[in-house]
Number of protein chains: 2
Amino acid sequence: MTGPVVEDYVKVIYAHTEWQAEPITSTALAARLGLAASSVTEMVKKLSTQGLVSHEPYGAIELTRDGTALALRMVRRHRLIETWLVQHFAYSWDEVHDEAEILEHALSDRLLDAIDDELGRPARDPHGDPIPSRDGSIVRPDAVLLADAPAGGRVVRISDRNPALLRELESRGVVLDAIVRPGDLGAEALASIWVATA
Amino acid sequence: MTGPVVEDYVKVIYAHTEWQAEPITSTALAARLGLAASSVTEMVKKLSTQGLVSHEPYGAIELTRDGTALALRMVRRHRLIETWLVQHFAYSWDEVHDEAEILEHALSDRLLDAIDDELGRPARDPHGDPIPSRDGSIVRPDAVLLADAPAGGRVVRISDRNPALLRELESRGVVLDAIVRPGDLGAEALASIWVATA
DNA sequence: GCTAATATTTCGGTGTGCCGAAATTCGCGG
DNA sequence: CCGCGAATTTCGGCACACCGAAATATTAGC
């Protein structure tokens, strides 16, 4: 009943609050989806009717329990697929996103679970993002942006927004679990890398 | 530009002439796609405009060169995916179809080729259907329906139309390359199994 | 507290692919 | 070669997800 479009909306709404707090606005949602604001307003109204989202006119957009469950389902799919492409097919870090974006809507639960088993039920994806379990639970490592960690620390996550930056970082040895200090890197990197707290 | 819908139309049109001769009618095409005849008439007109199909009103529907190329591309995808599901994920013979039907529209060429390599570039799928090569060439084994082969022979292909029959046949040892005689089997099986000629 | 800039929604409209009903054309039996 | 049933097309309409422009609500600056 829900279809790829609903899945994408819900996933983006979820993603916005995963590492930062504020709920997403309809303008930001439109920007991330590459759609006109008016389209988003209409669709959000439908999602609200379906009980996936709570939203009063001119207010913020937040996921309901059902919406969060669907979002976690999609996040699980996306991250498992990315992990699988990297580990099994030697995709590089920065190439997996587009393929995963499509496949996450297409694989059956059965195939996805088979892939999960084959990978040994990984807890995080190649970017360090936690992979929700089959029952929808997710454990997010305590972490802060490198920009906010003067002493640096162990890399726990690297945002996948900028593929060029990903390649650059990889070539300099900045990968998951590496130890970095803020002084070693540029401004954009500081805002893309999370390190473990304490 | 072509999208999953066009891909499905073209694939079904192609499939109809793969093992039998006559070009498909719009009624038969509608039946196979599960659509109303009027929908098919309209869509075929669009395919014709796009140069994928040749069709004058009230006439038969045939693929153009471009249409055949697209169909072979989809057939390759479908059959490679089926083969992969069976070999790599232990799907059974009769379970692969629906999953492949969806994935064939979703995998990138890159991923598909990686799977092809991993499988060792197989020449036929689990049903015995030949898999077109990357350049679109296809070699169909010489075969006749078991119903038309009084002496029987080596099984070269088993139609995937009826999953229950597939399971039944498998349990009785009727698989690819088995030797069968018409007397051993029922009417529907005789019309679903091809054996090598001479 | 008012107004100007900005965010959001409303509104009319589009393209795609589908439907059923009605009209048309085909092709077979006589 | 004529008519009748079956196949096919035409037609008006619908659902979905999108758009830009116009209207409206919010918010921030003063």
Any salt bridge between A:Asp135 and A:Arg73, counting N to O under 4.0 Å? no
Between CD of A:Gln50 and P of D:dA17 the distance, given in whole Å, is 8 Å
Whole-Å distance separating the CD1 atom of B:Ile61 from the P atom of D:dT8: 8 Å
Side chains of B:Glu82 and B:His127: do they bring a donor and an acceptor to under 3.5 Å? yes
A:Thr41 side-chain proximity, nearest of C:dT8, D:dA21, C:dC19: C:dT8
A:His55 NE2 to C:dT10 C1', straight-line distance once rounded to whole Å: 14 Å
For nucleotides 1-7 of chain C, read 5' to 3', which letter fits each nucleotide if B means a protein heavy atom sits under 4.0 Å from the base, S means only the sugar-phosphate is that close, and - means neither? ------S
Choosing from C:dC18, D:dG20, C:dT8, which nucleotide comes nearest the side chain of A:Ala36? D:dG20
Closest to the side chain of A:Ser38, out of C:dC19, D:dG20, C:dG17, is D:dG20
Nearest-angstrom distance from the residue atom CD of B:Glu42 to P of D:dC14: 15 Å
Measure CD/B:Glu7 against C1'/C:dT16 and give the value in whole Å, please. 15 Å
Would you say B:Glu62 and B:Ser54 are linked by a side-chain donor-acceptor pair, where the criterion is simply a distance under 3.5 Å? no
Under a 4.5 Å cut-off applied to non-hydrogen side-chain atoms, are A:Val175 and A:Ile158 in contact? no
Could you pull out the closest heavy-atom pair between B:Pro132 and B:Ile138, with the gap in Å? CG-CD1, 3.8 Å
Side chain of B:Tyr9, heavy atoms from C-beta onward: which of C:dC18, D:dC18, C:dG20 has the nearest atom to it? C:dC18
Rounding to an integer number of Å, can you tell me how far B:Leu29 CG sits from D:dT8 C1'? 13 Å
Taking the nucleotide of DNA chain D with the nearest heavy atom to each, does A:Val6 or B:Pro57 sit closer to the 5' end? B:Pro57
What nucleotide among D:dG20, D:dT10, C:dT9 has an atom nearest to a side-chain atom of B:Lys45? D:dT10
What is the separation between atom CG on B:Asp8 and atom C1' on C:dG17, rounded to the nearest whole Å? 13 Å
Rounded distance (Å) that lies between atom P of C:dT8 and atom CG of A:Leu33: 14 Å
Does a nitrogen or oxygen in the side chain of A:Ser39 sit under 4.0 Å from OP1 or OP2 of D:dC19? yes
Mind checking whether A:Phe89 and A:Tyr91 have parallel, tilted or perpendicular rings, split at 30° and 60°? perpendicular
Note: B:Arg77 and B:Glu104 closest approach over all heavy atoms is NH1-O, 3.0 Å
